[in-house]
Chemist: 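Right, I'll just put the structure down here and ask away after.
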Amino acid sequence: MAVQASSGTMSRSQTQRRKRIVQTAAALAVRGGVEAMQMRSVAERAGVALGTLYRYFPSKMDLVVAVVTEEMDLLESGIVRRPPTADTAAGRAVDVLLRATRGLMREPELADALVRSLIMAEVKIELDVRISDLVWRVATGNLEGAAGEDGTAVDRDSTDYVLVGSLTSVWIFELVEILKGRRDVDEVEHRLHTAAERLLASF
């Protein structure tokens, strides 16, 4: 069983080891892209046995997801520290998605691998849900994620959330277009604003 799947129950030393592995993988990716994130190289540079690495991350894609998830952690903490200030829900939603886009595009090869995993379902990943949750919280002015009556922070069955999820789907498609070289970030910004203004008009 992979430690990576239950990181919430890891000991402090396991958490530190996992963080070191992810940081090592990210550093390799910065220098040589996803191809440089060979499992043996990551293990050697992180100072762990190859078998240990596989217990944390059963596949290279799991490791890619972990690296990108750290980027999402930074995005979310940045949103909390400096929330979008647009007057409309659509404007605030697009602000979040553009920050996510720019963060991912700093490492296009990682972004490409992530988008492929979303489309091909190579690994179980909740990035689209996590982004939708964050956009919903920002758009509805519930950034702190206060729990509702059912104890959940986000009502994923609500009409508003479905509309936000549709906007997230548009965003993922636009990421693909950027990675294919068919659009630049300015074009994507315009298209996201157009979609958001229609989808979130009732917010």
Side-chain angles (χ1 to χ4, degrees), residues 1-81 96-135 145 153-154 156 165 168-169 171-181 185:
M1 181 177 295
V3 177
Q4 185 258 356
S6 56
S7 57
T9 60
M10 290 191 295
S11 68
R12 182 176 179 180
S13 63
Q14 288 174 325
T15 299
Q16 291 174 336
R17 187 178 301 119
R18 183 185 187 280
K19 185 175 183 65
R20 187 167 72 249
I21 290 169
V22 173
Q23 290 175 337
T24 299
L28 285 170
V30 167
R31 290 196 292 270
V34 174
E35 286 302 313
M37 285 176 54
Q38 299 301 320
M39 299 297 268
R40 187 172 297 279
S41 297
V42 173
E44 289 174 355
R45 289 175 179 269
V48 300
L50 186 59
T52 299
L53 174 61
Y54 276 109
R55 284 200 298 275
Y56 284 85
F57 304 101
S59 73
K60 182 176 177 178
M61 186 54 67
D62 287 304
L63 191 51
V64 168
V65 169
V67 171
V68 178
T69 296
E70 283 229 334
E71 183 67 46
M72 291 299 100
D73 290 343
L74 292 173
L75 168 68
E76 190 159 355
S77 62
I79 293 290
V80 171
R81 287 195 311 272
V96 172
L97 294 173
L98 287 175
R99 291 196 213 180
T101 301
R102 294 188 181 103
L104 289 171
M105 288 305 116
R106 282 199 292 269
E107 300 299 336
E109 290 199 30
L110 284 174
D112 182 67
L114 178 69
V115 170
R116 288 177 188 276
S117 76
L118 284 168
I119 295 171
M120 303 302 294
E122 296 174 22
V123 293
K124 178 174 174 56
I125 179 170
E126 301 293 342
L127 177 67
D128 50 344
V129 174
R130 185 170 177 184
I131 287 289
S132 293
D133 285 358
L134 181 57
V135 171
V154 178
R156 297 193 180 107
T168 302
S169 297
W171 171 70
I172 291 170
F173 174 80
E174 295 299 332
L175 277 183
V176 173
E177 295 298 284
I178 292 175
L179 292 166
K180 288 181 176 179
V185 174

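For the single chain, residues carry numbers from 1 onward in sequence order.
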Chemist: Got a sec, which residues hit side-chain contact (heavy atoms from CB on, under 4.5 Å) with Ser11, two or more places apart in sequence or on another chain?
Modeler: Ser13, Gln14
Chemist: For Arg40, what residues pass the salt bridge (Lys or Arg N to Asp or Glu O under 4.0 Å) criterion, not counting sequence neighbours?
Modeler: none
Chemist: So, for Ala66 and Arg18, which heavy atoms are closest and what is the spacing to 0.1 Å?
Modeler: CB-NH2, 3.9 Å
Chemist: Can you name the side-chain contact (heavy atoms from CB on, under 4.5 Å) partners of Ala26, sequence neighbours left out?
Modeler: Val67
Chemist: Can you give me the closest heavy-atom contact between Met37 and Ala29, atom names plus distance?
Modeler: SD-CB, 3.6 Å
Chemist: What's the shortest heavy-atom distance between Ala36 and Leu28, and which atoms?
Modeler: CB-O, 3.5 Å
Chemist: May I ask you to test the Leu134-Arg130 pair for a side-chain heavy-atom distance under 4.5 Å?
Modeler: no
Chemist: Check step by step if side chain to side chain contact (heavy atoms under 4.5 Å, CB included) holds for Arg20 and Val48.
Modeler: CA-CA 10 Å; Arg20 187 167 72 249; Val48 300; 3.7 Å; yes
Chemist: Give me the atom names and distance for the closest heavy-atom approach of Leu97 to Trp171.
Modeler: O-NE1, 3.3 Å
Chemist: By side-chain hydrogen bond (donor to acceptor under 3.5 Å, both in side chains), which residues pair with Thr24, not counting sequence neighbours?
Modeler: none
Chemist: Can you name the side-chain contact (heavy atoms from CB on, under 4.5 Å) partners of Arg156, sequence neighbours left out?
Modeler: Val129, Asp133, Val154, Tyr161
Chemist: Taking all non-hydrogen atoms of both residues into account, name the closest pair between Leu74 and Ser77 and its distance.
Modeler: O-OG, 2.9 Å
Chemist: Are the side chains of Val64 and Met61 in contact, using a 4.5 Å heavy-atom criterion?
Modeler: yes
Chemist: Using side-chain contact (heavy atoms from CB on, under 4.5 Å) as the criterion, list what pairs up with Glu70, not counting sequence neighbours.
Modeler: Lys19, Val22
Chemist: Within a strict 4.5 Å, meaning less than it, do heavy atoms of the Leu50 and Glu44 side chains meet?
Modeler: no
Chemist: Residues two or more places apart in sequence or in another chain: which of them pass side-chain hydrogen bond (donor to acceptor under 3.5 Å, both in side chains) with Arg99?
Modeler: Asp95
Chemist: State whether the side chain of Ser169 and the backbone N or O of Gly165 hold a donor-acceptor pair below 3.5 Å, judged by distance alone.
Modeler: yes
Chemist: Residues in side-chain hydrogen bond (donor to acceptor under 3.5 Å, both in side chains) with Thr52, at least two apart?
Modeler: Arg55
Chemist: Return the minimal non-hydrogen interatomic distance between Leu53 and Met39, and the atom names on each side.
Modeler: CD2-O, 3.0 Å
